[in-house]
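Each chain gets a letter, A, B and so on, in the order its sequence line appears, and its residues count up from 1.
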Amino acid sequence: MAARLYRAGGFVADDWLLLGDEDAVPETGRLILPLARFLELAGAGRSEPRFAVLVKAHEDPQLLAPHLAGLTLVAVAFEKFSDGRGYSTARLLRQRLGFTGEVRAVGDVLLDQIPLMRRVGFDGFAVSNEPTIRALEAGHDVDVPLYLQPSERSDEVPAGARYWARRPSGAQLS
Amino acid sequence: MYRYDEFDAHFVSARVEQFRDQVRRRLAGDLTEDQFKPLRLMNGVYLQLHAYMLRIAIPYGTLDARQMRRLAHIARTYDRGYGHFTTRQNIQFNWPRLKDIPDILEQLAEVEMHAIQTSGNCIRNVTADHFSGAAADEIVDPRPYAEILRQWSSLHPEFSFLPRKFKIAVTGAPHDRAAVQVHDIGLQAVRGADGNIGFTVFVGGGLGRTPMVGRKVRDFLPEEDLLAYSEAILRVYNRYGRRDNKYKARIKILVHETGLETLKADIEREFEEIRGGVLDLPQAEIDRIVGYFAPPELDAGADDEAFERAVAADPALAAFAECNVHAHHGAGHASITISLKPVGKAPGDATAEQMEVVADLAERYGHNEIRVSHEQNLVLPHVRKSDIPAVFAVLVGAGLGDANAGLVTDIIACPGMDYCALATARSIPVAQRISERFASLQRQRDIGDLKIKISGCINACGHHHVGHIGILGVEKKGEEYYQITLGGSADENTSVGEIIGRGFSYDEIVDAIEKVVDTYVDLRSDPAEDFLAAYRRVGDAPFKEALYGSA
Ligand code: SF4
């Protein structure tokens, strides 16, 4: 089934179209392009505000460095939820490259991984898993809202006296 | 000892609730087994041959009497009255029911314990020298650093789905009792020229199918860089470690395939980006954590006299003193190894009653401290020497008085066919039979220091590669076969043992081991030359000859 986009505490409409490796680029509409195609088009001088990028697990987000200022969305693919490379991708996008647009997890996105994903910088979740959608709709939070790593999220605040302890500034999901 | 503050207490109980909810969703069908598996593993819940197994973290092997009593209670209430201490300083219960596990975790949380990251493809429980804070040869107590790493790695958002498990060990003494060079990251504390503390860093050690000794990536990593550098290593591993084959997924393979120099450069480049940020350890924070591990107040008047008199009068105590009593930095004090290797028993097992005896002893004579060693024994780190005769008497009464620490019957064995679903051979019964063969303490003492390690399959949980004598159980045409390796070691001169020749059947293996041992005794230059030294001197030829005759 089609994925539904979860952002800032609720499901929202989404008009971004995920383009396959072989699909022709339509003339209109917002498109998420595979990294190689995006770079190819950009190299040919075609960068449009309606373009976003999909970074796969093995791909290097640093290739996007020169283009990030023109992007509002970078999607990170989780082909399998157990492949953790996307977490590093998101952190590099946020921490190293300073990307401030939406970082969206797409693919095998599951309830129990969403809290971890939020902490490395994801703020959009394209969810297809039924039980996950149901739980999110019901506001079922599965986070342990106490963190032992300082992170770059601005909505985490120091917890108590310990140097690296953090907690969410609001108790709200996402 | 580290004490939970309010934050830690909330953290572990929130974690228990999280797991309770995950179990509920699994039972309701919202989580498939495939999706549930990494979640339960990160809470120490394994599916074994007959049942679930729960592995509880004992961070760097340190616990107190109250915690030990709680483990005894869990053994009695939810298991079959015993627990099994592991080579990673943890404890495993082999028979809990899945539905009881959230309750067990809640009981653990009450005494500041948990099962977080004792399994799964994440950063595992950090281990350390079992004589930390006590050993006479220690440069610095490694446990504060292990604790700092434990906190940083707990539910790390970026590193919870690594290519494979990731193990870190820290030692603070030049004689490495924590086997740091067979860990994914091994840290050996050193003092720099200016007196500052730092670490020699090894990466990519590990056993398993492809045993490798860790490679040195840093001679001196300043202590304030510990987390930034660890994060750099982990990020490089998370991004580039192989995920196509679980047997090639450990960082040792990445080191091997990428090449040490290239990988070192990758790590350093990543480190350059990370350092100077929020992961730099402020001295005040290090000091605060170090404060938790302040040495106990030892009796300043303690001396050796009474102990030496008792030893002279009692040969059994003398034997215990020789093997199980270890040099302490405090005058008139010692650390004591409590052997969990009585002849004929499963290595590392302790009954609930035995756990309680150890808890009582720790309280009465040991400043309320207990350690679990990676050799699957228990340790009372701080005991007044004059109290040792009394402690020894209690241990003997509880079936814990074996004076065999470091001797041929102090065998490490993985669970093997008795419990483990991956096993290809039995390993515990082999350990039992070997210890029966060498039951005479006189003979064991004559043989001297000798580490036998047994694994029930190629995954090498029994660390056979680094046993002076290693035994690997394999399956051949439906039968158990045992391969012998010689010359392995996991100290500061780590080496991987070499296979001596064709394997032996279950019936033959004990005779074969005895032949190896007798051969050593015959050829050693003098009784002080231990097995490993003799093997390194003469090589494998005499042992081959003894086992297989001349070719
Ligand atoms: S070495 Fe093999 S048999 Fe032994 S515990 Fe590990 S996986 Fe199981």
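- The distance from atom CG of B/Leu162 to atom OG of A/Ser88, rounded to the nearest 0.5 Å, is 8.5 Å.
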Requested in this report: Please step through side-chain contact (heavy atoms from CB on, under 4.5 Å) for the pair B/His156 and A/Leu116, ending with a clear verdict.
Outcome: CA-CA 8 Å; B/His156 196 296; A/Leu116 301 171; over 6 Å; no
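- In this structure, chain A has a heavy atom under 4.5 Å from the side chain of B/Asp21, while its backbone stays farther away.
- Contact of B/Asn121 with chain A is not made at all, since no heavy-atom distance falls under 4.5 Å.
- Inspection of the B/Gln151 and A/Trp164 side chains reveals an N or O donor paired with an N or O acceptor under 3.5 Å.
- Only the side chain of B/Leu39 comes within contact range of chain A, judged by heavy atoms closer than 4.5 Å.
- In this structure, A/His58 NE2 and B/Tyr240 OH are separated by 11.5 Å, a value rounded to the nearest 0.5 Å.
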Requested in this report: Decide side-chain contact (heavy atoms from CB on, under 4.5 Å) for A/Tyr147 and B/Leu155; before the verdict, give the C-alpha distance in whole Å, the side-chain angles of both, and the deciding distance to 0.1 Å.
Outcome: CA-CA 8 Å; A/Tyr147 314 129; B/Leu155 307 189; over 6 Å; no
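- In this structure the side chain of B/Trp152 never reaches within 4.5 angstrom of the side chain of A/Leu148, judged on heavy atoms.
- Counting heavy atoms from C-beta outward, B/Asp30 and A/Glu130 have side chains that stay 4.5 Å or more apart.
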Requested in this report: Apply side-chain contact (heavy atoms from CB on, under 4.5 Å) to the pair B/Ile274 and A/Arg96, showing each step before the final yes or no.
Outcome: CA-CA 9 Å; B/Ile274 296 170; A/Arg96 189 74 35 90; 3.9 Å; yes
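- No other option in B/Arg15, B/Arg243, B/Glu285, B/Lys37 has as many heavy-atom pairs under 4.5 Å with chain A as B/Arg243.
- By the 6.0 Å contact criterion, NE2 on A/His67 is enclosed, its count of non-hydrogen atoms from other residues, nucleotides or ligands being greater than 12.
- Under the 3.5 Å distance criterion, the side-chain polar atoms of B/Asn238 are matched with a main-chain donor or acceptor of A/Gly84.
- Interface remark: B/Ser154 contributes backbone and side-chain atoms alike to the contact with chain A (heavy atom separation under 4.5 Å).
- Using a 4.5 Å cut-off on side-chain heavy atoms (C-beta onward), A/Lys80 and B/Asp34 make contact.
- In this structure, chain A has no heavy atom under 4.5 Å from any part of B/Glu6.
- Checked for salt-bridge contact, A/Arg85 and B/Glu158 miss the test: no charged N lies under 4.0 Å from a carboxylate O.
- A salt bridge links A/Arg91 and B/Glu231; the closest N-O separation between the charged side-chain nitrogens and carboxylate oxygens is under 4.0 Å.
- Taking the six-membered ring for Trp and thresholds of 30 and 60 degrees, B/Phe161 and A/Phe81 have ring planes more than 60 degrees apart, a perpendicular arrangement.
- Using a 4.5 Å cut-off on side-chain heavy atoms (C-beta onward), A/Asp112 and B/Leu31 make contact.
- Counting heavy atoms from C-beta outward, B/Arg239 and A/Leu92 have side chains that approach closer than 4.5 Å.
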**Report entry** side-chain contact (heavy atoms from CB on, under 4.5 Å) between A/His140 and B/Arg25, intermediate numbers included
**Finding:** CA-CA 12 Å; A/His140 185 61; B/Arg25 282 185 285 124; 4.0 Å; yes
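- For B/Lys264, the NZ atom counts as densely surrounded, since its 6.0 Å shell holds more than 12 non-hydrogen atoms of other residues, nucleotides or ligands.
- Contact count versus chain B (heavy atoms, under 4.5 Å) is highest, among A/Asp108, A/Thr89, A/Asp60, for A/Asp60.
- In A/Glu79, the CD atom is not crowded: 12 or fewer heavy atoms of neighbouring residues, nucleotides or ligands sit closer than 6.0 Å.
- For B/Gln283, the CD atom counts as densely surrounded, since its 6.0 Å shell holds more than 12 non-hydrogen atoms of other residues, nucleotides or ligands.
- Atom OG of residue B/Ser160 and atom CZ of residue A/Arg119 lie 10.0 Å apart, to the nearest 0.5 angstrom.
- No part of B/Leu234 comes within reach of chain A, as not one of its non-hydrogen atoms sits under 4.5 angstrom from that chain.
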